[in-house]
Amino acid sequence: MSYQLPSKSCELTGLIDAVEAHCNQVGLPDEAAYAAKLAAEEIVNNTIQYGCADGRNATIDFHLAHDGDSMEIIIEDDAIPFDPLTEAPDPHNNPGLPPTHAGGLGVFLVLELMDDAKYEAKNGGNRLLLRKSLARKKS
């Protein structure tokens with residue numbers, strides 16, 4: 001699935017609804033569907049809030065692909081370059097602050113749910129690749 005949206009908070013609900021509908025339609029496991037929706041919400045919301053803080057109107061592309069073994073999400077934008085893998089605050093470094101004030105919790109949760117993440121600054125913007133294994137773990 002591919003979804004493109006402008007960097008406006010009011011557009012985020014449409015993306016999340018499209019991801020949820022797609023996950024339901026293709027029967028992704030619940031954990032993978034949750035991870036995809038969380039990535040859509042947290043990463044794209046951060047792009048809108050912080051990547052466009054200078055007033056720019058960015059375009060955000062969200063791609064979700066999967067096969068029987070793995071799920072891949074690619075989020076690309078032309079917002080302010082920001083590497084969430086190295087630049088997002090680590091919530092563990094702010095143990096005395098409530099999560100809403102510590103920052104970085106959403107990115108942290110997305111990365112915890114994924115098996116692999118890669119970032120690259122691209123054409124003055126950002127490209128984040130997230131992968132999650134869909135293989136069922138044996139009990």
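Only heavy atoms go into these numbers, but all of them, side chains included; no hydrogens, no water, no symmetry mates.
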Using the test salt bridge (Lys or Arg N to Asp or Glu O under 4.0 Å), find all partners of Glu76 that sit at least two apart in sequence or belong to another chain.
Lys122, Arg127

For Leu113, what residues pass the side-chain contact (heavy atoms from CB on, under 4.5 Å) criterion, not counting sequence neighbours?
Tyr34, Ala35, Leu38

Just jot down the salt bridge (Lys or Arg N to Asp or Glu O under 4.0 Å) partners of Glu11, sequence neighbours excluded, or say none.
none

Counting C-beta onward and ignoring hydrogens, is there a side-chain heavy-atom pair between Leu130 and Glu72 closer than 4.5 Å?
no

Note: Asp78 and Thr59 closest approach over all heavy atoms is OD1-N, 2.7 Å

Does Asn123 CG have over 12 foreign heavy atoms under 6.0 Å away?
no

Any salt bridge linking Lys132 with Glu31? Criterion: basic side-chain nitrogen under 4.0 Å from a carboxylate oxygen.
yes

Hey, quick one: are Val107 and Ile74 part of the same hydrophobic cluster, counting side-chain heavy atoms closer than 4.5 Å, chains of contacts allowed?
no

Does the side chain of Val26 reach to within under 4.5 Å of the side chain of Met1, using non-hydrogen atoms?
no

May I ask you to test the Asp61-Ile75 pair for a side-chain heavy-atom distance under 4.5 Å?
no

Test side chain to side chain contact (heavy atoms under 4.5 Å, CB included), reference Tyr3, set Leu15, Asp17, Ile16, Ile60, output is Leu15

CD1 of Ile73 to CZ of Arg131, rounded to nearest 0.5 Å, is 11.5 Å

So which heavy atom on Cys23 is nearest to which on Ala33, and how close?
CB-CB, 3.7 Å

Tell me whether Gln4 at atom CD has more than 12 heavy atoms from other residues, nucleotides or ligands lying less than 6.0 Å away.
yes

Of all heavy-atom pairs between Pro84 and Tyr119, which one has the smallest distance, and what is that distance?
CD-CD1, 3.8 Å

Could you tell me which residues satisfy ring-ring contact (aromatic ring centres under 6.0 Å, His included) with His63, sequence neighbours excluded, listed by chain and number?
none

Where Leu134 and Ala32 come nearest, the two heavy atoms and their spacing
CD2-CB, 3.4 Å

Between Asn126 and Ile80, is there a donor-acceptor pair closer than 3.5 Å when you use the side chain of the first and the backbone of the second?
yes

Output the distance between atom NZ (Lys37) and atom CG (Leu64), rounded to the nearest 0.5 Å.
12.0 Å

Can you list the residues that meet the salt bridge (Lys or Arg N to Asp or Glu O under 4.0 Å) rule with Lys118, with sequence neighbours excluded?
Asp116

Might you point out which heavy atoms bring Ile48 and Lys8 nearest each other, and give the distance in Å?
CD1-O, 3.7 Å

Per the side-chain hydrogen bond (donor to acceptor under 3.5 Å, both in side chains) rule, what does the pair list look like for residues 45-56, sequence neighbours excluded?
Asp54-Arg56

Shortest non-hydrogen separation from Cys52 to Ala58 and the atoms involved
SG-CB, 3.5 Å

Is there a chain of hydrophobic side chains (I, L, V, M, F, W, Y, each step under 4.5 Å between heavy atoms) that links Leu129 to Phe82?
no

